[in-house]
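Quick note on labels: first sequence line is chain A, next is B, and so on, each numbered from 1. All values below were derived from every heavy atom in this structure, side-chain atoms included, with hydrogens, water molecules and symmetry-related copies excluded. Everything numeric here is computed off the predicted structure, so don't read it as measured data.
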Protein chains: 2
Amino acid sequence: MNDQVRRSSPLFPISIVMNLTQLTARQIRYYEEHSLITPARTDGNRRMFSFNDIDCLLEIKELIDQGVNMAGIKQVFGLKNQSDEIILKDNKPIEISNKKDLSEEELRKLLKQEVIQKRQHNQVNLRQGDMWRFFKN
Amino acid sequence: MNDQVRRSSPLFPISIVMNLTQLTARQIRYYEEHSLITPARTDGNRRMFSFNDIDCLLEIKELIDQGVNMAGIKQVFGLKNQSDEIILKDNKPIEISNKKDLSEEELRKLLKQEVIQKRQHNQVNLRQGDMWRFFKN
DNA sequence: TTTTTATGTAATAAAAGCTAACATGTATTG
DNA sequence: CAATACATGTTAGCTTTTATTACATAAAAA
C-alpha cells in the first residue's frame, strides 16, 4: 500500500471537489471532457475524485486564473506526460544536436526535462501537490 | 490551518465510508444514533464524514469485532471525554484519599487518567488514527 | 421465557448527480 | 463589423444515492 494507491483512491463526490477547488461542476466536467482529469465512476455512474484529481484541478485552476486557455493547459499537461514517457523509456537525457546554437525546439525540450526532473524530486512547483499537502501531516 | 481542521473537515459521503470501514450504512447510522460519531450534514441533510469520524468508526469496528457491545464502547469513548474534562478542568491529578488502601473506584479513576495521558501523547492505541495514517505521508 | 441489543430489510421521499441541449459573453479572425 | 470559437452558465428530464421510519429477527441478557 503506497502513496500512489492512497493518492489515487476515488473518495470525493463532485460537491466536495467543488468546495475544495472553487470550480463549478460545469467546469470540472468540462475539464474531464478534455481529458485533463479522469475521475473514477461509481456503479451508478457518479464521478468520484481522488487526491490526484484534486491536485490536477488545482493546477488547472491556477493556470486558468493566469489566463491560460484549454490548449495551453493541454500543452502543460501533455508536456508532463510526454516528458515522463521520454524519461521512463530511455533513462538518459535527450540527445543534443551537434549544431553550435540550439534550436528553439531543442531548448524547449531541455527546459521541459529540467522541470520534469525537478518535479520528480519534489523540488519545484509550489502549486503542485497543494491538495495533498493540505491533508498530510 | 492545523491538523484539527484537516482531520475534522467533512469530506466523505456515507458510501465511501462504508467501503473504507466495511460497516453497513445501518451500522454507521446506528452508531450515530448512539452519539459515538456526529457527522456533519449537507444543506440537503446528507451525512458527510471527516477523517476523525472514520477513525472513530474504525475504532468502533475493532471493538465490535472484539465482542464489545454498545455500552462498552460508550464506556471507552465516554471515558475518553470524561477524563479529558477532568484533565482540562483542573490540570492536576485526581486527589487520592488518605485511606491506606484505595477503593476500587479510585483505582479505576487513576487507571483512566494514565490511559488518557498516554493517549494525549500519542503513545498508545495502535488502532486509533488508522484512517488518518492511511492518508498521510 | 421474555426483553433488550444490534442489525437487516423495505417503503417512500428528497437530494445530488448525470447527460444533453441551448444560451451567452468574450476574444479572435476574416 | 460579422462570424466563429471558446469557456462557462442554465435548464430539463432522468437515475442514483441517501434519509427516515417502521417492522423483522437472531443472539444475548435478564
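Rounded to a whole Å, the CD1 atom of Ile73(B) is 13 Å from the C1' atom of dT7(C). Rounded to whole Å, the distance from CD1 on Ile14(A) to P on dT16(D) is 17 Å. Here dT26(C) presents its C1' atom at 14 Å from CD1 of Ile64(A), a figure rounded to the nearest Å. Distance CG (Asp65(B)) to C1' (dT7(C)): 14 Å, rounded to an integer number of Å. Across the protein-nucleic acid pair, Asn69(A) atom CG and dT26(C) atom P stand 17 Å apart, rounded to whole Å. Between the CD1 atom of Ile60(B) and the P atom of dA6(C) there is a distance of 12 Å, given to the nearest Å. One interatomic measurement links the two molecules: CE of Met48(A) to C1' of dT17(D), which rounds to 11 Å at whole-angstrom precision.
For Asn45(B), no side-chain nitrogen or oxygen approaches OP1 or OP2 of dA15(C) to under 4.0 Å. A sub-4.0 Å separation between OP1 or OP2 of dT19(C) and a side-chain N or O of Arg47(A) is present.
For dA15(C), its base sits under 3.5 Å from the side chain of Arg46(B) at one donor and acceptor pair at least.
Annotation for Asp65(A): atom CG counts as buried by contact number, over 12 foreign heavy atoms lying within 6.0 Å.
Proximity of residues 22-44 of chain B to DNA chain D (heavy atom under 4.0 angstrom from any strand atom) is restricted to Arg29(B), Arg41(B).
Classified by interplanar angle (parallel below 30°, tilted 30° to 60°, perpendicular above 60°), the ring pair Phe12(B)/Phe12(A) is parallel.
A distance-only check finds no donor-acceptor pair linking the side chain of Ser9(B) to the backbone of Leu11(B) [under 3.5 Å].
Two residues are said to be in side-chain contact when any heavy atoms from C-beta on lie closer than 4.5 Å; Ile64(B) and Met70(B) meet this criterion. Within the 4.5 Å cutoff, no side-chain heavy atoms of Tyr30(A) are placed close to those of Leu36(A). A 4.5 Å side-chain heavy-atom check between Ile28(B) and Phe49(B) finds at least one atom pair inside the cut-off.
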